[in-house]
J.: 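Questions regarding the structure given below will be posed in turn.
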Protein chains: 2
Amino acid sequence: MNLELMRELSVKTESKIVLLVLDGLGGLPLEPGGETELEAASTPNLDELAKRSDLGLSRPVAAGVTPGSGPGHLGLFGYDPVRYVVGRGVLSALGVGMELTGNDLAARINFASKDSSGKISDRRAGRIPSEEGIRLVDLLNAKLDVEDAEVTVRHEKEYRAVVVFRGEGLSGHLSDTDPQRTGLEALPVEPEDSSNVAQRKSAHLANEFVKQANEILADEEAANTVLLRGFGMHPALPSFEETYRLDAAAIAAYPMYKGLARLAGMELKKEGEGIAGEFATLKESFADHDFFFIHIKPTDAAGEDGDFERKVSVIEEVDSLLPEVLGLEPDVLAVTGDHGTPSKMRAHSWHGVPFLLASSYTLPTAERFGERACAGGTLGVFPAEEIMGYLMGNAMKLNKFGA
Amino acid sequence: MNLELMRELSVKTESKIVLLVLDGLGGLPLEPGGETELEAASTPNLDELAKRSDLGLSRPVAAGVTPGSGPGHLGLFGYDPVRYVVGRGVLSALGVGMELTGNDLAARINFASKDSSGKISDRRAGRIPSEEGIRLVDLLNAKLDVEDAEVTVRHEKEYRAVVVFRGEGLSGHLSDTDPQRTGLEALPVEPEDSSNVAQRKSAHLANEFVKQANEILADEEAANTVLLRGFGMHPALPSFEETYRLDAAAIAAYPMYKGLARLAGMELKKEGEGIAGEFATLKESFADHDFFFIHIKPTDAAGEDGDFERKVSVIEEVDSLLPEVLGLEPDVLAVTGDHGTPSKMRAHSWHGVPFLLASSYTLPTAERFGERACAGGTLGVFPAEEIMGYLMGNAMKLNKFGA
């Protein structure tokens with residue numbers, strides 16, 4: 001998306017946009033001639049919506065390229081995911097509510113177990129419960145003393161935490177310490193380019209952190225070491241407020257998606273329990289914002305598990321709850337995914353993602369919502385980055401370009 | 001295609017990709033309401049394949065822009081054909097197996113006839129046979145003595161040859177000497193920009209070459225002069241090996257397509273006789289490479305001749321031989337063209353080219369292979385440059401982008 005153009009044309013209006021993202025929505029038939037998860041699902045409400053919607057296939061990142069969740073969502077928000085690369089550590093830090101600045105280097109922590117010879121025996125420290133993880137994070141914050149940087153550790157979930165190094169001249173171009181399997185020693189943090197001063201300094205800080213953490217955790221039973229991965233600096237993304245003049249809210253249950261929304265300057269809402277809880281939050285906060293990003297995770301999780309039927313069920317659950325969203329009568333409602341996660345592949349994929357946009361200004365082409373119905377839609381196959389443009393246009397939030 | 005991104009994400013795997021290019025495949029109906037050549041052809045094997053393939057229309061270069069064979073193929077290989085301009089001389093030189101470096105300036109030679117007044121009387125020297133062409137090339141190589149450059153002439157076919165100037169500071173921005181019709185004198189080689197030193201030097205070298213060739217050939221009966229065209233420097237294309245980590249092979253009968261494949265770093269295979277011969281070569285070399293570009297010329301030739309029925313027949317011949325390719329069970333098989341050559345136009349065209357991709361991860365939309373079936377496919381209408389991304393993705397040769 002041309003963000004400059006968006007900033008030039010966007011205007012503040014009363015209209016409301018809802019972007020409902022079913023993570024990994026896109027699918028494939030299990031057998032040639034079969035239906036995708038979305039096609040197989042019984043979705044009377046989505047089908048009714050499709051009859052008054054523009055349809056298309058939204059393509060993430062680039063032809064044949066499978067996006068991680070970060071690039072997938074950046075595209076949905078209108079940012080070029082190849083230009084704006086966000087480390088997973090940054091997403092985790094934002095997701096747990098840390099305020100980051102441009103000087104901050106973040107990485108994800110796994111609490112892990114190592115044996116007496118120094119080899120990693122469990123990369124997740126026996127999946128220690130969250131209470132235990134919180135205690136260990138407090139211990140680290142109390143005892144850590146790294147020169148040249150302010151170091152903050154924050155608990156994420158169970159054995160997972162995040163560390164932020166705040167200092168001058170840091171870089172996220174660093175290698176992970178996670179050896180990826182047990183029986184191996186943790187790796188040292190290495191700069192990608194050993195002649196780069198910022199990378200060398202950052203690697204040194206990270207290795208010093210690991211050394212101190214090992215000392216502090218030495219007497220712990222399970223979690224006696226840490227593994228670091230996903231180093232990254234906080235990227236300076238133009239915010240939703242400045243780009244689209246939107247007062248945006250995010251409703252998401254998982255830290256990474258909260259982090260992505262925060263990166264765009266969205267306000268995080270307390271999400272409630274499950275899909276119904278997320279929709280209830282939407283209802284409660286509907287008066288307070290003009291843009292709502294709602295993230296639904298279980299579609300992706302079912303796809304990753306290779307569970308076609310469960311993915312169908314999640315889609316059907318969303319469909320059955322959809323009247324809650326429709327009842328709010330948003331001016332623009334879009335339903336899509338950040339990428340495909342076909343059950344057949346048990347993984348993210350590069351395929352075009354079904355996209356539906358309901359507004360007062362649409363040109364419908366099909367009787368139902370599905371990949372193949374979308375392939376014939378009036379939006380065609382288009383870059384996911386363009387979605388924000390269509391949302392803004394249909395919400396009558398863009399001035400005419402030129403006389 | 002973003003070649004940097006491809007290089008970053010591509011991984012070496014065992015999977016095999018076959019890109020089958022029917023030159024000038026795209027067509028048009030002769031009359032409104034009629035069928036295209038591909039639609040009119042009886043293609044049971046391609047239709048069966050379409051039922052398990054992703055379909056789309058691949059658009060070469062830019063909207064409304066008709067590509068030559070060079071840009072058409074560069075696009076298929078993922079290179080931006082507007083950025084990477086390749087002179088026809090370079091393609092001919094590579095096609096006849098010459099090893100070029102970045103200092104090499106190449107041009108095509110036509111042996112031609114001129115009358116006693118110096119006017120061109122036959123631009124092809126009575127289409128002298130190849131034995132005669134070879135003799136003349138040997139004569140030139142034995143006697144030429146151009147200062148400031150190493151000059152090599154190589155025979156191509158019949159009255160056609162290629163000349164390569166190797167020297168410092170050369171440029172391909174030069175005009176042709178071919179006056180395009182008989183009864184006119186050959187033109188001098190001129191620099192496009194007369195203030196450019198490299199262009200001036202190169203024009204001087206080329207004109208010196210023509211002068212000496214005229215002296216050497218003065219006593220020949222038919223081929224007593226040369227015409228030069230298609231000047232160009234060897235462009236430094238990132239190779240298939242470094243970009244996609246592919247060990248690529250090319251099976252093509254014509255020098256220009258061999259040249260294009262060499263430019264991308266593909267290994268040329270002995271092509272055998274006709275389409276059956278090319279497919280036999282594929283079979284023989286199938287174990288030795290992970291990417292195969294197969295070029296089939298007669299579709300384009302029939303289109304250029306305005307012979308609708310012959311183009312249909314060639315397509316049907318390819319279809320009847322397709323089981324030879326299918327029997328090898330490539331992980332990814334794509335069938336497309338480098339551009340359209342509608343019989344109705346007797347020329348290349350700008351139209352979207354039918355594209356079919358069979359793999360284990362497709363979402364089929366049609367019962368047959370044809371332009372209009374492809375227009376409704378899940379790949380939509382897309383830049384030909386993106387084909388390599390889809391081939392790589394479907395072959396599971398690209399890592400996920402981002403976390």
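Heavy atoms only: backbone and side chains are in, while hydrogens, waters and symmetry mates are out. In the text below, chain A, chain B and the rest are named by the order of the sequence lines, each starting its count at 1.
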J.: Heavy-atom distances under 4.5 Å only: say whether B:Met388 touches chain A with side chain, backbone, both or neither.
T.: neither
J.: Start with the C-alpha distance between B:Leu237 and B:Leu74, add both sets of side-chain angles, then the distance that settles side chain to side chain contact (heavy atoms under 4.5 Å, CB included), and finish with yes or no.
T.: CA-CA 10 Å; B:Leu237 253 64; B:Leu74 289 184; 3.8 Å; yes
J.: Flag the one option from A:Thr36, A:Leu91, A:Val65 with the top tally of heavy-atom pairs under 4.5 Å to chain B.
T.: A:Val65
J.: For A:Val61, which atoms come within 4.5 Å of any heavy atom of chain B: side chain, backbone, both, or neither?
T.: side chain
J.: In terms of heavy-atom pairs under 4.5 Å with chain A, which of B:Ala395, B:Gly402, B:Gly56 leads?
T.: B:Gly402
J.: Report the option among A:Pro71, A:Gly70, A:Pro32, A:Pro81 that has the most heavy-atom pairs separated by less than 4.5 Å from atoms of chain B.
T.: A:Pro71
J.: Which residues from residues 375-383 of chain B are near chain A, with near meaning under 4.5 Å between non-hydrogen atoms?
T.: B:Gly376, B:Gly377, B:Thr378, B:Leu379, B:Gly380
J.: Only distances under 3.5 Å count here; give the side-chain donor-acceptor pairs of residues 357-365 of chain B to other protein atoms, sequence neighbours excluded, each with its distance to 0.1 Å.
T.:
residue: B:Ser359; atom: OG; partner: B:Tyr361; partner atom: N; Å: 3.0
residue: B:Ser359; atom: OG; partner: B:Asn394; partner atom: OD1; Å: 2.7
residue: B:Thr362; atom: OG1; partner: B:Arg52; partner atom: O; Å: 2.8

J.: Quick one: what part of A:His351 sits under 4.5 Å from any heavy atom of chain B, side chain, backbone, both or neither?
T.: side chain
J.: Within the 4.5 Å heavy-atom criterion, are B:Leu322 and B:Leu20 side-chain neighbours or not?
T.: yes
J.: Given B:Ile17, which partner from the list B:Leu391, B:Asp331, B:Asp290, B:Leu333 fulfils the side chain to side chain contact (heavy atoms under 4.5 Å, CB included) test?
T.: B:Leu391
J.: Using the ring centroid of each side chain, check whether B:Phe293 and B:Tyr257 are separated by less than 6.0 Å.
T.: no
J.: Taking atom OH of B:Tyr244 and atom CZ of B:Phe291, what is their separation to the nearest 0.5 Å?
T.: 8.5 Å
J.: How many angstroms lie between CG in A:Leu227 and CD1 in A:Ile109, if you round to the nearest 0.5 Å?
T.: 10.0 Å
J.: I would like to know whether B:Ser58 and B:Ile387 meet side chain to side chain contact (heavy atoms under 4.5 Å, CB included); could you show each step before the answer?
T.: CA-CA 8 Å; B:Ser58 126; B:Ile387 287 176; 3.8 Å; yes
J.: Look at the side chain of A:Lys297 and the backbone N and O of A:Asp23, then say whether any donor-acceptor pair between them is shorter than 3.5 Å.
T.: no
